[in-house]
Structure formats: C-alpha cells, structure tokens
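Quick notes on the structure that follows.
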Amino acid sequence: ETGVTQTPRHLVMGMTNKKSLKCEQHLGHNAMYWYKQSAKKPLELMFVYNFKEQTENNSVPSRFSPECPNSSHLFLHLHTLQPEDSALYLCASSQDRVEQFFGPGTRLTVL
Amino acid sequence: RKEVEQDPGPFNVPEGATVAFNCTYSNSASQSFFWYRQDCRKEPKLLMSVYSSGNEDGRFTAQLNRASQYISLLIRDSKLSDSATYLCVVNIGSYGKLTFGQGTILTVHP
C-alpha cells in the first residue's frame, strides 16, 4: 500500500449507530488531519494531530471523536450522528511542510 | 467575508484555450498558498505551491500578490484532462491549518 488509505470507502448508518472511520498513511509523515467535505461547501478542517497529539479541534461536535494511536493511524469514531453529517470525510497527512496528501475519502450517509 | 474566496464558475473552454482563475484571501497573516486539483468524486491533489516571486510548472503558472491578497492560476493550452475543480488553499500560520476555497469548476471541451 502506498500513500494515504481510508476505510471504509462508503458507509451508511442510522442516527443511533456507532461506527469508526480508519485512515492509514504509508508516507512516514508526522501529522494527520480529518476534513469534512459537504456538497457545495469548501473542505472544512476538523482535527489536526501532530506527533500523535491533537493540536487543533475546529469546534467539531462531540459526536465526532478522533483517535490517533500512532503517527501512521488515525480514526474518527462516530455516534448519534445527524442527517446533516452526511458528507465525504477526508484524511490527510504531511511531514514538516504544509503540503498535505489526501486519502480517497469515506462517503458517509446518515439516515 | 469568506476567508478564501473563488469564483465557482463553471468555466467552459475549448481545448487549447488559456484560462485564468483568481482567488482572494481575507487574512493578511496568511503565509503559504497552494492550488489543489480535485477530480469528480476523488480526493484533492496538490497541483502547485504559490510563491511570492510567481512560479511556473509546464502549462501552469501561479502568481501571488500579497498587497492585494490575491492569488491566480493560469492554464495555457488547455487539455481535456484539465477538467476538474481547482481549489485555492491558504495556510494562516497555525501548523497544518489549511483553509480551502469553494473551488472553481473547469470543463475543457473538444
């Protein structure tokens, strides 16, 4: 595997479900990010992890809970989501520079 | 005012045309600037960084005007494969915190 991978690629869940999104980067980077991309809106930064430490939480509701066990893996735990949370969730990584490399994303639908 | 503002387009141009996109940003403390490209239902990919002196990569030229808080991207000799959404991206200084514009849609037709 190369680059940034994300699983699952598609997810449909009910509002009472609990699910997790997974991201793995194979680039040796030290920073990882979660973004949300909704239709007709710019990408929104959600969380930033630098050397496994969360350095940014962009006012994200607590129903989204990130976890970064090491610098190669990043999770986004989801619970009691709302239909308006349906979006493309993108993971990215970077190393020392600001240029970020994105994974293919998880397309989430909340029913 | 949006932090990063772009004309959403769409821009429809014939193959071989030259097309220019503009972007303005609101925070004068912005430090780094980029153009990303996003194909339909795919992830964004870095197209090029934008430097104060301007920079060129093949058919693509990026310019930065700090005084006017304005960034541009020029594409010469457009190809069908250039059809995509072009995202203007700004880093304000906080490590890794990128702010994205809404994107400009480009369609190149035969």
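Both backbone and side-chain heavy atoms feed into the values below; hydrogens, waters and symmetry mates do not.
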Do the non-hydrogen side-chain atoms of [X] and [Y] ever get within less than 4.5 Å of each other?
X       : Y        : answer
B:Lys45 : A:Phe101 : no
A:Glu99 : B:Ser49  : yes
B:Arg41 : A:Arg107 : yes

Practice prompt. Check each atom of B:Gln38 against the heavy atoms of chain A and say whether the ones under 4.5 Å are side chain, backbone, both or neither.
Written response: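 Answer is side chain: those atoms of B:Gln38 sit under 4.5 Å from chain A.
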
Worksheet entry | B:Gln69 atom CD, over 12 foreign heavy atoms within 6.0 Å |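 Yes - once you tally the heavy atoms of other residues, nucleotides and ligands closer than 6.0 Å, there are more than 12.
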
Fill in: Nearest-0.5 Å distance, OG1 of residue B:Thr99 to CG of residue A:Leu45
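Reported value, rounded in 0.5 Å steps: 8.0 Å.
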
Worksheet item: Can you tell me how far CG of B:Leu98 sits from OH of A:Tyr35, rounded to the nearest 0.5 angstrom?
Response: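 Separation between the atoms: 4.0 Å.
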
Worksheet entry | Which atoms of A:Gln37 approach chain B - backbone, side chain, both or neither, heavy atom under 4.5 Å |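 Only the side chain of A:Gln37 comes within 4.5 Å of chain B.
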
Worksheet item: Given that the side chain runs from C-beta out, which part of A:Leu90 has a heavy atom under 4.5 Å from chain B: side chain, backbone, both or neither?
Response: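 Contact with chain B: side chain only.
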
Fill in: Residues from residues 54-63 of chain B approaching chain A under 4.5 Å (heavy atoms)
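Residues of residues 54-63 of chain B touching chain A at under 4.5 Å: none.
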
Does [X] share a hydrophobic cluster with [Y], counting links as ILVMFWY side-chain heavy atoms below 4.5 Å and allowing steps through other members?
X       : Y        : result
B:Val19 : B:Ile105 : no
A:Met15 : A:Met13  : yes
B:Leu74 : B:Phe21  : no
A:Val60 : A:Leu108 : yes
A:Leu81 : A:Phe75  : no

Fill in: Qualifying salt bridge (charged side-chain N to carboxylate O under 4.0 Å, His left out) pairs, either residue in residues 73-94 of chain A, two or more places apart
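The answer is A:Arg63-A:Asp85.
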
Worksheet item: After noting the C-alpha distance and the side-chain angles of A:Tyr33 and B:Lys97, does the key distance pass the side chain to side chain contact (heavy atoms under 4.5 Å, CB included) rule?
Response: CA-CA 9 Å; A:Tyr33 313 81; B:Lys97 187 172 179 180; over 6 Å; no

Worksheet item: What's the shortest heavy-atom distance between B:Phe100 and A:Pro42, and which atoms?
Response: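 Answer, listing the atom of B:Phe100 first, then A:Pro42: O-CB, 3.4 Å.
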
